[in-house]
2 protein chains.
Amino acid sequence: MKYTPGQKMNRNAARTLAAFSESMFLLLGEKEFDKITVNEICQRCDYPRATFYNYFDDKYDLVDYCWYQLSKDIHLDVVQARPSGDALETVFDEAFRLFSDQRDLLNRIVAHNPIDSPLVTHFLNHFTRTMTTILSTGMPKRHGQTPLVLVAQYYANTVLLVLKWVFLSQHETTLAEARTYLKELLTKPV
Amino acid sequence: MKYTPGQKMNRNAARTLAAFSESMFLLLGEKEFDKITVNEICQRCDYPRATFYNYFDDKYDLVDYCWYQLSKDIHLDVVQARPSGDALETVFDEAFRLFSDQRDLLNRIVAHNPIDSPLVTHFLNHFTRTMTTILSTGMPKRHGQTPLVLVAQYYANTVLLVLKWVFLSQHETTLAEARTYLKELLTKPV
DNA sequence: TCAAAATTTAGACAGTTGTAAAACCACAAA
DNA sequence: TTTGTGGTTTTACAACTGTCTAAATTTTGA
């Protein structure tokens, strides 16, 4: 990413970025990520190849920007607003809503890309990271010796695991069921 | 992978596979995975390019085989032998040992490949998968409504999270400390 | 031991990638 | 209007990828 996202940028650059990510989203719904070429992306939105490399390092960079655009919708402030206690549940619900909204897109993506493919893995990793940063502020304090970063990663991991199960492994699951899964996982069974 | 691993294969094929993965391991210690080319791999072990594509689809395929070779050392039977109760601890110790043994290699790899790079992610994913299959046999039964596969993935995730912290994020940690982290994470703090 | 079957290798090919230099354009300041 | 500046586009290029064909070599089994 040569233009840092969230940066001030002129109308033209914004339009170009939007066009490229639009192309990518369309292509992701049509074919395997591996088979998508930079040429194809550029044809789609009618920009020359050089312009693509002007904005992005490669197609991985672009797809990263796509995930960034998606995850923009999870509002960080939701968490800070609440007293720490149920921060996790709030964030989970928020993420669940976001994934629901994008269900069509996600279905199309997993139709062409296996669940363990680099693409899907990358997607999940992106969200795990953003969720980790969200969670690392609102964590309950007492965790013995375990470093806080590790704890935040742990919660983010588990949230994303459930979301993956529901939305990418395509198990029909209601929000209530998903909440139950999360709670049961986080509660020691023995 | 065109030759299914674990298959019966003649001495020659075995030697070839070994030579290629040897090359890959060496190169991984020297430079970023992205920058490694198939040509380079072949020069290293003095096999023609056509032979490479005879055995592997691409370099990702080869590196997958490398991880497979590494993880061979975790013996599945360890788990089956034990009564379910402490299966998790046993597997964790076993994996910790394996990662310790390969510490030099891992250090060299993360020296050239960022922790969030596709390569490292792929590495962790591979182990998460094998650990999931190991764990899905020896899980404690009572988990409410949560599907068993999900539970196994959860434990595998958490184990690998700690291992990643210790061996890839390079935090000096003893086995005892690591065990504590794992236990604290799996125990609900509230 | 020999011939058939299978595997390995050399060489070539079209398509892709990422980079670099130069031409081009839009827009603002002089 | 002219000029300068920053960004866009064109074009060209060297390297890599993955596939294919045909020749060479090895393996197999009768």
Side-chain angles (χ1 to χ4, degrees), chain A residues 1-24 27-28 30-66 112-114 117-119 122, chain B residues 1-5 7-24 26-28 30-66 112-114 117-119 122:
Chain A
M1 200 66 192
K2 286 155 180 174
Y3 281 49
T4 345
Q7 206 71 8
K8 81 287 178 196
M9 64 175 67
N10 59 41
R11 201 163 297 118
N12 221 315
R15 197 139 24 89
T16 312
L17 282 185
F20 277 124
S21 52
E22 168 83 8
S23 281
M24 180 55 104
L27 285 165
L28 282 177
E30 292 174 20
K31 59 194 298 195
E32 195 188 340
F33 181 66
D34 264 15
K35 301 286 162 56
I36 299 175
T37 73
V38 176
N39 285 321
E40 215 169 353
I41 298 166
C42 295
Q43 291 174 336
R44 252 345 144 86
C45 52
D46 198 38
Y47 273 91
R49 244 164 63 81
T51 304
F52 176 89
Y53 285 109
N54 222 3
Y55 286 87
F56 305 100
D57 295 323
D58 46 37
K59 63 176 179 170
Y60 298 92
D61 201 17
L62 168 56
V63 88
D64 245 34
Y65 176 70
C66 289
H112 300 289
N113 300 276
S117 63
L119 177 74
H122 233 76
Chain B
M1 201 65 190
K2 286 155 180 176
Y3 282 49
T4 345
Q7 206 70 8
K8 82 286 181 195
M9 64 174 68
N10 60 41
R11 199 162 300 118
N12 222 315
R15 197 141 20 90
T16 311
L17 282 186
F20 277 123
S21 52
E22 169 82 8
S23 280
M24 180 54 102
L26 285 176
L27 285 165
L28 281 177
E30 291 174 21
K31 57 194 298 195
E32 195 189 338
F33 180 65
D34 263 14
K35 301 287 162 55
I36 299 176
T37 72
V38 175
N39 285 321
E40 216 169 351
I41 298 166
C42 294
Q43 290 174 338
R44 255 340 147 87
C45 52
D46 198 39
Y47 273 91
R49 242 163 66 82
T51 304
F52 177 90
Y53 285 108
N54 224 358
Y55 285 86
F56 305 100
D57 295 324
D58 46 36
K59 66 177 178 167
Y60 297 92
D61 200 18
L62 167 56
V63 88
D64 244 36
Y65 176 70
C66 290
H112 300 290
N113 300 277
S117 63
L119 178 75
H122 233 76

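Predicted model only: the values in this text are computed from it and were never measured. Labels below follow one simple rule: chain letters A, B, ... track the order of the sequence lines, proteins then strands, and each chain is numbered from 1.
Under the side-chain hydrogen bond (donor to acceptor under 3.5 Å, both in side chains) criterion, B:E22 pairs with no residue, sequence neighbours left out.
Contact between A:Y47 and A:T51 at its shortest, heavy atoms only, is CD2-CG2, 3.9 Å. Pairing each heavy atom of B:I36 with each of B:L28, the nearest pair is CD1-N, 4.0 Å.
In summary, contact between chain A and DNA chain C, defined as any nucleotide atom under 4.0 Å from a heavy atom of the protein, begins and ends at C:dT16 to C:dT19 in the 5' to 3' direction.
Between A:K31 and A:E40, the closest side-chain pair of non-hydrogen atoms falls below 4.5 Å. Contact of the B:I41 side chain with the B:R44 side chain is not registered, since no non-hydrogen atoms from C-beta on lie closer than 4.5 Å. Two residues are said to be in side-chain contact when any heavy atoms from C-beta on lie closer than 4.5 Å; B:K2 and B:N54 fail this criterion.
Using cut-offs of 30° and 60° for the angle between ring planes, the B:F20 and B:F56 rings count as perpendicular.
A donor-acceptor pair under 3.5 Å links the side-chain atoms of A:K59 to the main chain of A:F33, judged by distance alone.
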Which nucleotides of nucleotides 12-28 of chain D have their base under 4.0 Å from a protein heavy atom (B), which only their sugar-phosphate (S), and which neither (-), written as one string 5' to 3'?
-> ----SBBB-------S-
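Rounded to an integer number of Å, the gap from CG of A:D46 to P of D:dT9 is 10 Å.
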